[in-house]
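Accompanying notes for the structure given below.
These numbers come from a predicted model, not from an experiment. Values below: every heavy atom of this structure, side chains too, minus hydrogens, waters and symmetry copies.
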Amino acid sequence: QVQLVESGGGLVQAGGSLRVSCAASGRTFSTYAMGWFRQTPGKEREFVATITWSGGSTYYADSVKGRFTISRDNAKNTVYLHMNNLRPEDTAVYYCAASATGVTGWPITAGYKYIYWGQGTQVTVSS
């Protein structure tokens, strides 16, 4: 069992930066690939970024590539999403998620392949 708690969301002006964090409980955090998703009201959940258990590989949605960076610190059981050059369309609730063990294929972009989810943190980008 893994529990995930996001933090670090807030209000930022367009062009600004923000870092959201996801703290995980459980000793097996380092065995999970982790992902970030986002959702706005009335829209489907959208994949943002994912990182392998070791942190050696990352993958991004085209909409955030070059602006967002996913990273993890397994010693701290934490995964981060660094967001630069934010745009109003980045406004959403951001969720972190842990993949199911044994998931094959990379990158892991489908939400159903993630079995643990946080409660989300709101990121609002003003124009």
Side-chain angles (χ1 to χ4, degrees):
Q1 185 77 14
V2 175
Q3 291 186 329
L4 305 173
V5 179
E6 300 94 337
S7 62
L11 174 64
V12 63
Q13 288 188 333
S17 299
L18 201 63
R19 187 186 76 170
V20 291
S21 303
C22 174
S25 64
R27 300 177 182 177
T28 59
F29 170 78
S30 62
T31 66
Y32 294 93
M34 299 295 295
W36 284 98
F37 291 77
R38 65 187 182 186
Q39 189 169 25
T40 55
K43 293 189 177 180
E44 292 188 357
R45 182 177 56 199
E46 176 188 18
F47 166 78
V48 175
T50 184
I51 188 168
T52 54
W53 66 271
S54 67
S57 293
T58 58
Y59 184 82
Y60 300 91
D62 287 343
S63 58
V64 306
K65 197 174 297 181
R67 299 188 299 121
F68 290 13
T69 302
I70 187 172
S71 63
R72 68 189 296 163
D73 185 338
N74 286 343
K76 296 182 178 180
N77 278 14
T78 302
V79 62
Y80 306 97
L81 185 68
H82 304 256
M83 303 179 287
N84 296 319
N85 192 21
L86 282 159
R87 305 167 180 168
E89 54 264 39
D90 294 319
T91 296
V93 177
Y94 283 73
Y95 299 90
C96 69
S99 71
T101 55
V103 169
T104 58
W106 176 261
I108 307 171
T109 63
Y112 74 88
K113 293 187 177 182
Y114 291 84
I115 58 172
Y116 300 112
W117 293 82
Q119 83 290 348
T121 186
Q122 176 70 46
V123 172
T124 302
V125 184
S126 63
S127 58

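When atom types are taken as modelled, the side chain of Arg72 and the backbone of Gly55 share no donor-acceptor pair closer than 3.5 angstrom. A donor-acceptor distance shorter than 3.5 angstrom exists from the side chain of Ser99 to the backbone of Ala33, with no hydrogens or angles considered.
For Lys65, the salt bridge (Lys or Arg N to Asp or Glu O under 4.0 Å) criterion is met by Asp62, not counting sequence neighbours. Arg45 pairs by the salt bridge (Lys or Arg N to Asp or Glu O under 4.0 Å) definition with nothing, not counting sequence neighbours.
Thr91 contributes atom OG1, which lies 7.0 Å from atom CD of Gln122 (distance to the nearest 0.5 angstrom). Atom-to-atom distance recorded for Cys22:SG and Asn77:CG is 10.0 Å, nearest 0.5 angstrom.
Taking the side chain as every heavy atom from C-beta outward, Tyr80 and Thr69 never approach each other to under 4.5 Å.
In this structure, Trp36 shares a hydrophobic cluster with Val2, Leu4, Val12, Leu18, Val20, Phe29, Tyr32, Met34, Val48, Ile51, Tyr60, Val64, Phe68, Ile70, Val79, Leu81, Met83, Leu86, Tyr94, Ile115, Tyr116, Val123, Val125, the cluster being traced through Ile, Leu, Val, Met, Phe, Trp and Tyr side chains under 4.5 angstrom apart.
By the 30° and 60° cut-offs, the orientation of the rings of Phe37 relative to Tyr114 is perpendicular.
Looking at every heavy atom in both residues, Ser63 comes nearest to Glu46 through OG-OE2, 3.6 Å. Gly9 and Thr121 get closest at one heavy-atom pair: N-OG1, 3.1 Å. A pairwise comparison of heavy atoms in Gly120 and Val93 identifies CA-CG1, 3.8 Å as the closest pair.
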